[in-house]
Trainee: 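This is the structure I want to talk about, given as structure tokens.
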There are 2 protein chains.
Amino acid sequence: MVQEPLEVLNRYLTEHGMKHTRQREIIVEEFFKSNKHLQIEELLNQVKKVEPSIGYVTVYRTLMLLKECGLAHQRHFGEGKSLFEKAGDHHDHMICIKCGSIHEFEDDRIEKLQDQIAKRINFKIVSHRHEVYGCCSRCQNE
Amino acid sequence: MVQEPLEVLNRYLTEHGMKHTRQREIIVEEFFKSNKHLQIEELLNQVKKVEPSIGYVTVYRTLMLLKECGLAHQRHFGEGKSLFEKAGDHHDHMICIKCGSIHEFEDDRIEKLQDQIAKRINFKIVSHRHEVYGCCSRCQNE
DNA sequence: ACTGATTTGAAAGTAGTTTTCATTGGAGAT
DNA sequence: ATCTCCAATGAAAACTACTTTCAAATCAGT
């Protein structure tokens, strides 16, 4: 049974002698409301609509906190800004180099081949990233 | 038939009204002499052994040049510094999160599955990165 | 409400590039 | 061989995207 993100976070906070604040609540709620990969700045913009006084640093720190308690992952597509995604939301990605659109994919056969190869060199997999760059359907017709 | 990197570079330079310099020659030679992924600083160190007056910026610019004429690729493993690798030297990577060692792999079956998936959404692949993070054989016995 | 630790936000600091600019140097014309 | 002009170089400054610091504000157990 999957727990509500806010529950998990609240337990983590209590267990670590940390405090529940209005800012954290707003940021976490906005983060889990969105359905895509978010940059810090993007989440900040969402959050500022609810409470304009919240600054970049607090959003940044809250995302680090979500990472710490396993509720979010940080990804670095190519170079530049990092994106955050909800835990459990992980697929692999095809990224359009023209418009930046991200198309998720998943294939158990690829994962299995990957495991085979790892086993051959006795490598214990913790995580992976598989990103395909190219031109999406829409951008090809332009 | 594969051409010598220096040949390709020299043609590119001439065609673009750019100049052949001692610095470029040294940097390119050192880059292609090495057999691994190099950080800018690492290549700078190699280069400084031959000609100490060469600075970071020139190495940086020469690597950008190699990228431009397709002789090298820039990769960003995780976060932090970027690594450069010779073109044609591309494999996928298993990266040890303890010691940082990089184990190359390659599997046509994975590439084919990747192509299949791309075709389904009419995505035209230009490049990809497939990185597996985990613990290498040696680090597991410690 | 009191107290003491945790959070917050602004500002400063950091890492890794990337750009600027005065000077140097390569190469075709003389 | 020298001139001349434009590209290349190196030092320093600028830039980007974080990450840390610190004084003031906030939270939560007495």
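Order of the sequence lines sets the chain letters (A, B, ...), proteins ahead of strands, with each chain counted from 1.
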Trainee: Between D/dG10, C/dG9, D/dC18, spot the one nearest the side chain of A/Ile40, thanks.
Mentor: D/dC18
Trainee: Between the protein and nucleotides 1-6 of chain D, which nitrogen or oxygen pairs are less than 3.5 angstrom apart?
Mentor:
| from | atom 1 | to | atom 2 | distance (Å) |
| --- | --- | --- | --- | --- |
| D/dC6 | O2 | B/Lys19 | NZ | 3.0 |

Trainee: What's the CD-C1' distance between A/Gln39 and D/dT16, to the nearest Å?
Mentor: 12 Å
Trainee: Report the distance from atom CG of B/Asn10 to atom P of D/dA8, rounded to the nearest whole Å.
Mentor: 13 Å
Trainee: Does B/Ser82 have a side-chain nitrogen or oxygen under 4.0 Å from the phosphate oxygens OP1 or OP2 of C/dT17?
Mentor: yes
Trainee: Send over the distance from B/His16 NE2 to D/dA8 P, rounded to a whole Å.
Mentor: 11 Å
Trainee: Report which part of the nucleic acid A/Gln23 touches: base, sugar-phosphate, or nothing (heavy-atom distance under 4.0 Å, all strands).
Mentor: sugar-phosphate
Trainee: Want to settle it: does A/Thr62 or B/His20 sit nearer the 5' end of DNA chain C, counting the closest nucleotide to each?
Mentor: A/Thr62
Trainee: Select one nucleotide: of D/dG10, C/dT8, D/dT19, the one nearest the side-chain heavy atoms of B/Ile54.
Mentor: D/dG10
Trainee: Taking the side chain of A/Lys81 as its heavy atoms from C-beta onward, which of C/dT18, D/dG10, D/dA17 lies nearest to it?
Mentor: D/dA17
Trainee: Over how many whole Å does the gap from B/Tyr60 atom OH to D/dA11 atom C1' extend?
Mentor: 16 Å
Trainee: Without decimals, in angstroms, what is the distance between B/Leu9 CG and D/dA8 C1'?
Mentor: 14 Å
Trainee: Tell me: CG of B/Leu13 to P of C/dG26, nearest whole Å?
Mentor: 14 Å
Trainee: On DNA chain C, does the nearest nucleotide to A/Val59 precede the nearest nucleotide to B/His76 from the 5' side, or the other way round? Give the residue.
Mentor: A/Val59
Trainee: What is the ring orientation for A/His130 with B/His130, classed by angle as parallel under 30°, tilted 30 to 60°, or perpendicular over 60°?
Mentor: parallel
Trainee: Answer yes or no: is there a side-chain heavy-atom contact under 4.5 Å between A/Gln46 and A/Lys33?
Mentor: no
Trainee: Whether B/Arg24 contacts D/dT9 is assessed here as follows: a side-chain N or O lying under 4.0 Å from the phosphate OP1 or OP2. Is that the case?
Mentor: yes
Trainee: Calculate the interatomic distance between B/Tyr56 atom OH and D/dA8 atom P; express it in whole Å.
Mentor: 19 Å
Trainee: Rounding to an integer number of Å, can you tell me how far B/Ile26 CD1 sits from C/dG25 C1'?
Mentor: 14 Å
Trainee: Counting only heavy atoms not in B/Lys124 (residues, nucleotides, ligands), do more than 12 fall under 6.0 Å from its NZ?
Mentor: no
Trainee: Ignoring hydrogens and angles, does a donor from either the side chain of A/Arg61 or the base of D/dT21 sit under 3.5 Å from an acceptor on the other?
Mentor: yes
